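This report refers to the structure that appears directly beneath it.
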Amino acid sequence: MSEETKRLSLEELASKYEKASSVLKRRIIICGGTGCIANGSLQVRDALVKELEKVNEKVEIVLKSGSEIEPFDGTYLSKSGCQGFCQKGPLMRIEPEGIFYCHVKPEDAAEIVNVTLLNGEIIDRLVYVDPVTQKFCRHENEIQFYERQSRIVLKNCVIEPENVEEYIARQGYFGARKAILEMKPEEICQLVLDAGLRGRGGGGFPTGLKWKFTLASQGKKKYVICNGDEGDPGAFMDRSVMEGNPHAVLEGMIIAGKAIGADEGVVYVRAEYPLAVKRMNQAVLDAEHHGLLGDHLFGSDFNFRIRIMEGAGAFVCGEETALIASIEGKRGMPMPKPPFPAQCGLYGKPTVINNVETLAMVPYILREGAASFRSFGTEKSPGTKTFALTGHVTNTGLIEVPFGTTLREIVYNIGGGVTDNNGHVTGEDFKSVQIGGPSGGCLTPEMLDMPLDYDSLKTAGAMVGSGGLVVMNKQTCMVRIARFFMKFTQNESCGKCVPCREGTKQMLALLDDIIEGRATAETLDLLEQTAKAVQLGSLCGLGKTAPNPVLSTLRYFREEYESHVFKKICPTGECKALARPVILAEKCKGCTACARKCPVGAISGSPKQPHKIDPEKCIKCAVCKETCKFGAVTGF
C-alpha cells in the first residue's frame with residue numbers, strides 16, 4: 001500500500017472510478033444478497049463468464065482499486081447487495097439498457113449472451129410479468145414493487161458492496177468528511193435532531209437526543225456501538241444493509257463518533273449472518289486502506305477505529321445492556337436502567353448504541369441536510385423505513401417506503417396482493433399483518449388505510465420494531481400465530497427476571513391449553529392478566545413487549561379465541577385438536593347414513609349428492625366418521 005494511495009482525496013478516488021467505468025461496454029449486475037446466492041446467483045455469474053469468454057468478450061468481475069484504477073472497455077460483471085425482490089431471485093440487471101431479468105439460472109447464460117448481449121433482444125421468459133395486468137415488465141421502473149418505493153438506505157445496494165471506490169463515487173464518506181472538518185460535535189447532534197431521525201431498531205427514540213446525552217457525559221473514552229443483532233423471525237433488513245451497503249454503516253459510525261467524542265466503534269453482528277460479517281470486515285479493511293478509518297482522518301486530529309464482533313445468536317442481546325455485556329465477554333443479560341449507556345456503557349464508559357439502519361441513514365442527512373430528510377415521511381416520523389415483507393403476499397422481499405405509507409399500499413401495490421395457501425392472488429383474503437416481530441402486534445383489515453408511523457402503530461397496540469411485516473390470509477389461525485411468537489420469546493428469555501422467565505412460560509402453557517381444547521373461560525382471563533403482568537414487571541424490552549402479539553390478537557380476534565375455548569372449534573382448521581369436521585365431496589356418495597345418525601342435525605344434503613357439516617351445530621361426537629363407509633369424513 002503506497003503513501004500516494006493513502007493521500008488520494010475523495011474527489012480523486014471518485015474521479016478515477018468514474019473515468020474507469022465511463023468506458024465500460026456494458027455492466028451486468030448479479031444480485032449477491034443471501035437469498036439470491038442461496039438460489040445460485042454466483043453460479044449464474046460463473047456461467048456468464050464462461051459464455052462471454054467463448055465469444056471473445058473481455059470480462060472483469062473485480063475492478064482495480066485506488067491509484068491503480070484504469071479504464072476498462074469490456075463487460076464488468078459485478079455483484080450487488082440484496083436488490084429486494086427476493087421472491088423473484090436470482091436477479092440480474094444489464095446496463096446501460098436497463099434490462100431486468102428474474103429467476104435467472106446458470107443454464108440461461110448462453111441465451112443471455114447470444115440473444116441479449118450480442119443481438120440486443122430481450123428474453124421475455126426472464127422478465128417480470130405483473131400478476132394482475134399480465135404486463136411484461138422489461139425494466140425495473142415498470143415494476144410496481146420498485147416504482148412505489150422511496151429508497152435512501154437501500155439505494156446503494158445495487159453497487160458492488162466490496163468496492164469502496166464505487167461507494168465514494170456516489171458521494172460516500174463526503175458526509176463524514178464534512179462532519180469532521182466543518183462541524184462541531186454539538187452541531188452534528190443538532191443537525192440529526194433537526195432531521196427528526198428516530199431509532200430504526202424498535203422504540204423510535206430520537207437519535208440526535210441520544211447523541212447529545214452521550215456528548216454531555218464526562219469521560220475521555222467513549223464508544224459507538226452498531227447493533228446488528230437482528231433476530232426477529234421474518235426480519236432481514238439490517239442483514240441486507242450490512243451485506244449491500246456496508247460503507248454507509250461505517251460512515252454513520254464515524255459521524256456518530258465525531259458527534260459524541262468517541263474514538264472507537266464496535267459492530268456487533270449475529271454470527272448467523274456470515275456474509276454480512278465478511279463484507280463488514282472487508283469494508284473496514286478497505287476504509288483503513290484509504291485512510292478513512294484510523295488516525296488523523298482527512299488530515300484532522302480526529303481518530304476513529306472500528307472492529308467487528310460476532311454475537312452468539314441470543315435474541316436478548318439486541319437489548320442495549322445485554323449487548324454491552326456480551327461485548328465485554330459476559331453472559332448477555334440485561335441490566336436495570338438507569339444508568340443508561342449514554343452515562344455508563346461499554347466498559348463503564350459513555351456509549352451510544354444505534355442499530356444498522358439508523359446509522360446508515362446518517363450520511364444522507366449530513367450530505368443533503370435535515371430538510372431533505374424531512375421531505376420523506378411524516379412530521380413526527382420523518383424519513384423512510386425498510387421492511388421485510390413476507391408471508392401470504394405475492395411479492396415478498398425487502399422494501400423501503402416513507403413513514404406514513406399505508407398498509408394497503410404496501411400489501412396490495414408493492415406486495416402485489418394477498419395469496420391463498422396455494423400461492424394464488426385473491427381479492428378479499430387479507431386477515432392481518434404482524435408488524436414488529438415478537439415485540440409487535442397484529443393489524444387488521446380495518447387498519448389497511450392507517451399510515452404506518454411510530455405514533456399510529458403505538459395507538460393500535462403495535463410497534464414498528466425492526467421492521468418485519470408478516471402478511472396473513474384468512475386461512476391463518478391467530479391463536480397459533482400468538483403461540484408461535486410466545487414460543488420464540490419464551491425460548492429467548494435470558495431468565496434473569498421472574499415476570500419474563502415464568503410469565504412467558506405460563507402464557508405459553510395457557511395458549512397450548514387453548515389450541516388443544518383444554519381451555520375454559522378462566523383461561524382467557526388468566527392469559528390476559530398474565531400478559532399485562534409480564535408487560536408491567538419485566539426488566540427489559542424483551543419481556544415488556546413479549547405479550548404484545550397475545551394482547552393484540554386478543555383485542556382484535558377475540559372471537560377466534562372464544563371459538564377455540566367455548567365451541568372447541570378452530571375456525572381455520574389449523575389447530576388439529578380443534579379442526580372442523582369436513583365431508584370430502586370427492587369421496588361422499590350421498591348415502592345419507594351420516595345425516596341419519598347425527599344427533600344434532602348438523603349434516604345436510606340430498607341423496608346421491610355430497611353432504612356438508614354445519615360447524616356451528618356440530619358437537620364433534622365423531623358418529624358421522626364412524627358411520628361413513630367411504631372415508632369421506634375428516635377433521636377429527
Side-chain angles (χ1 to χ4, degrees), residues 153 173 175-180 183-189 191-193 197-201 205-229 238 241-242 245-269 280-281 283-284 287-288 292-295 297-298 300-311 317-328 339-366:
V153 73
Y173 289 105
R177 185 177 65 180
K178 176 181 178 181
I180 292 170
M183 301 179 73
K184 297 177 181 178
E186 296 83 0
E187 293 174 333
I188 302 171
C189 294
L191 175 63
V192 175
L193 192 60
L197 177 64
R198 298 173 66 171
R200 275 15 182 194
F205 190 82
T207 302
L209 195 58
K210 181 184 286 190
W211 290 9
K212 275 193 169 184
F213 290 154
T214 315
L215 174 63
S217 296
Q218 298 300 313
K220 293 183 178 180
K221 183 70 176 181
K222 297 180 182 180
Y223 293 94
V224 174
I225 295 178
C226 172
N227 184 350
D229 192 53
D238 289 349
V241 173
M242 288 187 287
N245 197 9
H247 286 284
V249 182
L250 300 187
E251 186 179 2
M253 293 181 71
I254 294 169
I255 295 167
K258 172 66 174 180
I260 68 169
D263 63 357
E264 187 174 345
V266 181
V267 183
Y268 187 91
V269 190
M280 288 299 297
N281 274 311
V284 169
E288 290 175 344
L292 303 170
L293 284 174
D295 296 332
L297 301 190
F298 303 107
S300 71
D301 59 357
F302 177 66
N303 308 323
F304 197 76
R305 299 182 182 277
I306 293 175
R307 64 185 173 96
I308 311 298
M309 176 177 174
E310 296 180 48
C317 286
E319 195 276 337
E320 291 183 339
T321 58
L323 184 150
I324 288 172
S326 180
I327 294 175
E328 292 176 346
F340 292 93
Q343 289 83 43
C344 181
L346 185 61
Y347 304 118
K349 307 299 183 183
T351 303
V352 71
I353 305 177
N354 293 119
N355 89 315
V356 170
E357 185 182 350
T358 309
L359 289 165
M361 290 279 184
V362 171
Y364 178 91
I365 295 172
L366 266 290

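Excluded from the calculations below are hydrogen atoms, water molecules and symmetry mates; all remaining heavy atoms, backbone and side chain alike, are included. A quick note: this is a predicted structure, and the numbers were derived from the prediction, not measured.
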Discussion item. Could you check whether Asp295 pairs with Arg305 (Lys NZ or Arg NE/NH1/NH2 to Asp/Glu carboxylate O, under 4.0 Å)?
Written reply: yes
Discussion item. Using the salt bridge (Lys or Arg N to Asp or Glu O under 4.0 Å) criterion, which residues pair with Glu357? Sequence neighbours excluded.
Written reply: Lys385
Worksheet entry | Residue pairs fulfilling salt bridge (charged side-chain N to carboxylate O under 4.0 Å, His left out) with at least one residue in residues 343-353, sequence neighbours excluded | none
Worksheet entry | CZ-CZ distance between Phe205 and Phe213, expressed to the nearest 0.5 angstrom | 5.0 Å
Item to complete: Measure the NZ-CD1 distance between Lys212 and Ile188 for me, rounded to the nearest 0.5 Å.
Response: 12.5 Å
Item to complete: Using side-chain contact (heavy atoms from CB on, under 4.5 Å) as the criterion, list what pairs up with Asp263, not counting sequence neighbours.
Response: Lys221
Tell me which donor-acceptor pairs under 3.5 Å the side chains of residues 317-324 have, and how far apart each pair is, sequence neighbours excluded?
{"residue": "Glu319", "atom": "OE1", "partner": "Thr321", "partner atom": "N", "Å": "2.9"}
{"residue": "Glu319", "atom": "OE1", "partner": "Thr321", "partner atom": "OG1", "Å": "2.5"}
{"residue": "Glu319", "atom": "OE1", "partner": "Ala322", "partner atom": "N", "Å": "2.9"}
{"residue": "Glu319", "atom": "OE2", "partner": "Thr321", "partner atom": "OG1", "Å": "3.1"}
{"residue": "Glu320", "atom": "OE2", "partner": "Lys210", "partner atom": "NZ", "Å": "3.2"}
{"residue": "Thr321", "atom": "OG1", "partner": "Met335", "partner atom": "N", "Å": "2.8"}

Worksheet item: To the nearest 0.5 Å, what is the distance between OG1 (Thr351) and CD (Glu264)?
Response: 10.0 Å
Worksheet, complete the sentence: One should read off an interatomic distance between His247 NE2 and Leu292 CG, to the nearest 0.5 angstrom, of 8.5 Å
Fill in: From Ile365 atom CD1 to Leu197 atom CG, the distance as rounded to the nearest 0.5 Å
4.5 Å
Name the atoms and distances for all side-chain donor-acceptor pairs under 3.5 Å in residues 248-262, with sequence neighbours left out.
{"residue": "Glu251", "atom": "OE1", "partner": "Tyr167", "partner atom": "OH", "Å": "2.5"}
{"residue": "Glu251", "atom": "OE1", "partner": "Tyr173", "partner atom": "N", "Å": "3.0"}
{"residue": "Glu251", "atom": "OE2", "partner": "Tyr173", "partner atom": "N", "Å": "3.1"}
{"residue": "Glu251", "atom": "OE2", "partner": "Gly175", "partner atom": "N", "Å": "3.1"}
{"residue": "Glu251", "atom": "OE2", "partner": "Ala176", "partner atom": "N", "Å": "3.0"}

Worksheet item: Got a sec, which residues hit ring-ring contact (aromatic ring centres under 6.0 Å, His included) with Tyr223, two or more places apart in sequence or on another chain?
Response: Tyr347
Worksheet item: If you round to the nearest 0.5 Å, how far is CG of Asn227 from CD1 of Ile353?
Response: 7.0 Å
